[in-house]
Amino acid sequence: MSEHARLPARYDHVGSFLRPKYLLEAREQKAKGEITPEQLRKVEDKAITEIVKFQEDIGLKSITDGEFRRTYFHIDFLEQLGGVKTDIPVTIRKPDGTEELAPPVMRVIDKVTHAKCIQLADFEYLKSQVSAGNTPKVTIPSPTMLHFRGGRAGISKQAYPELDPAFYDDVAQAYGDELRSLAAAGCTYVQMDDTNLAYLCDEKMREAARQRGDDPNELPHRYAAFINKVVAQKPAGMTLAMHLCRGNFKSTHAAAGNYEPVAEALLKEMDLDAYFLEYDDARSGDFRPLRFLPKGKTVVLGLVTTKFGEMEDKDELKARIEAAARYVPLEQLALSPQCGFSSTVHGNNIAVEAQRAKLRLVVETAQEVWGAS
């Protein structure tokens, strides 16, 4: 691959996979106190060994643990930071009379610290299962997740009378400590998952930010500076990428809108190596925002949906890659599904067979467009 593409291959994936039934059953047993955490972890180990083989059999070069040890893509990580508290989920009644469990809400109640190594043991197991020549990838939530959902009201004024710079510096330090612990264990590839910048492309979400007291035009630039505080602590030799997600809970989405409102801050101002951008349907807009991408960075086009099983046409995928290449050199592009297949434990409305077929389509299409690498 060229010096512009810092990823293991021109084809990649976002990270999460459908959980096998026996793993879901074990999680339920653990919740009921029928098995111990140690027993659950052994079940998770088995499932991760299988999903690693699944990825390698398809031909993927970046390999994750499928996020099989998590319930939510973000909460399981963030709640292990010192100073972060997760409220107990509550059941809400919807207008049609049905009931639904509302997602837990995170709050910053004290100074944010790196209280312990969060992903280290998980990475070490993943690394032990990945074949030589492939790259184990760790996925973690973006640090912006600690701010956007609750805004100023979600962060203790006692701990942080002013957010800037203390809050952002503390979170960046905690992330830097985590990245250093992973790098010491041999991790060279980390992906941060971010919904907030994608939400700021949606006018409804922008209005919600205004109601919380934030300026949706200023937030992307503030978040760029925030992310750069983390990047500044990135260990040498580590690739740091970001995936923008518009929501993926049970094949639904929460936001829509062209990337234009955030593109300059995201692509030009953030010092990241790569971006995974969702482009699986019309709600993502056109490729024009890619014009802000500087040399030396890679955009991974999420052209293949993980929400539904209907297969994309390979020629149409190639045509869309060609369309994107009008705004950024082809050598700075790669291909992936638009999101993971199960960003929460519940999973998307897609079959395991379709999951495999879509990943194979990504690999084959990328190989035909860019060659074998």
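From a predicted model like this one, the values you see are computed outputs, not experimental measurements. Computation of the quantities below employed the complete heavy-atom set of this structure, encompassing side-chain atoms and omitting hydrogens, waters and symmetry-equivalent molecules.
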Check ion pair Arg222-Asp164 (N to O, under 4.0 angstrom) | no
Are the side chain of Asn228 and the backbone of Asp271 linked by a donor-acceptor contact shorter than 3.5 Å?
-> yes
Do Ile51 and Gln55 touch side chain to side chain, with heavy atoms closer than 4.5 Å?
-> yes
Do side-chain atoms of Asp177 reach the backbone of His114 as a donor and acceptor pair under 3.5 angstrom?
-> no
For Glu207 and Arg210, run salt bridge (Lys or Arg N to Asp or Glu O under 4.0 Å): C-alpha distance rounded to whole Å, both residues' side-chain angles, the deciding distance at 0.1 Å, then the answer.
-> CA-CA 5 Å; Glu207 178 57 30; Arg210 293 187 191 100; 3.0 Å; yes
With a cut-off of under 6.0 Å to the ring centre and 45° to the axis, is Lys46 in cation-pi contact with Tyr22?
-> yes
For Ala366 and Leu335 the tightest heavy-atom approach is N-CD2, 4.1 Å
Is a side-chain donor or acceptor of Asp214 paired with a backbone partner of Pro216 at a separation under 3.5 angstrom?
-> no
If we ignore angles and hydrogens, is there a donor and acceptor under 3.5 Å between the side chains of Glu67 and Thr139?
-> yes
Report yes or no: does Thr86 contribute a side-chain atom to a donor-acceptor pair with the main-chain N or O of Met106 at less than 3.5 Å?
-> no
Can you hop from Leu301 to Tyr327 via hydrophobic side chains spaced under 4.5 Å?
-> yes
Are the side chain of Thr306 and the backbone N or O of Gly340 linked by a donor-acceptor pair below 3.5 Å?
-> yes
Test Thr188 against Met238 for side-chain contact (heavy atoms from CB on, under 4.5 Å), laying out the working first.
-> CA-CA 4 Å; Thr188 60; Met238 177 179 283; 5.6 Å; no
Is there a side-chain contact between Lys30 and Val43, using heavy atoms and a 4.5 Å cut-off?
-> no
Might you work through the salt bridge (Lys or Arg N to Asp or Glu O under 4.0 Å) test for Glu44 and Arg19, ending with a clear yes or no?
-> CA-CA 10 Å; Glu44 292 170 343; Arg19 275 60 159 180; over 6 Å; no
Ignoring hydrogens and geometry, is there a side-chain-to-backbone donor-acceptor pair from Gln119 to Leu182 under 3.5 Å?
-> no
Can you tell me which residue pairs pass the ring pair (Phe, Tyr, Trp, His ring centres under 6.0 Å) test with a partner in residues 165-190, sequence neighbours excluded?
-> Phe77-Tyr175, Tyr160-Phe167, Tyr168-Phe226
Sequence-distant partners of Glu124, side chain to side chain donor-acceptor pair (under 3.5 Å), two or more places apart = none
From Ile58 atom CD1 to Leu361 atom CG, the distance as rounded to the nearest 0.5 Å | 11.5 Å
Which pairs count as ring pair (Phe, Tyr, Trp, His ring centres under 6.0 Å) when at least one residue sits in residues 33-65, sequence neighbours excluded?
-> Phe17-Phe54
Output, in order, the C-alpha distance, side-chain angles, deciding distance and verdict of salt bridge (Lys or Arg N to Asp or Glu O under 4.0 Å) for Lys137 and Asp12.
-> CA-CA 10 Å; Lys137 177 169 76 168; Asp12 212 317; 3.3 Å; yes
So do Val299 and Gln332 actually touch side chain to side chain, heavy atoms under 4.5 Å?
-> no
Check whether any side-chain heavy atom of Val362 lies under 4.5 Å from a side-chain heavy atom of Pro337, and answer yes or no.
-> yes
Exercise: identify the closest heavy-atom pair between Asp110 and Ser156 = N-CB, 4.5 Å
Which atom names give the shortest non-hydrogen contact between His243 and Cys339, and what distance separates them?
-> CE1-SG, 3.6 Å
Can any side-chain N or O of Arg356 pair as donor or acceptor with the backbone N or O of Glu353 at less than 3.5 Å?
-> no
Flag this pair as yes if the NZ/CZ of Arg41 is under 6.0 angstrom from the six-membered ring centre of Tyr125 and inside a 45 degree cone about the axis; otherwise no.
-> no
When you measure from the side chain of Gln338 to the backbone N and O of Tyr279, does any donor-acceptor pair fall under 3.5 Å?
-> no
Closest heavy-atom pair and its distance - Val230, Pro143 = CG2-CG, 4.0 Å
Would you say the side-chain atoms of Arg10 pair up with the backbone N or O of Glu331, donor to acceptor, closer than 3.5 Å?
-> yes
So, the side chain of His221 versus the backbone of Glu264: is there a donor-acceptor pair under 3.5 Å, distance only?
-> no
Is the shortest heavy-atom distance from the side chain of Thr144 to the side chain of Leu197 under 4.5 Å?
-> no
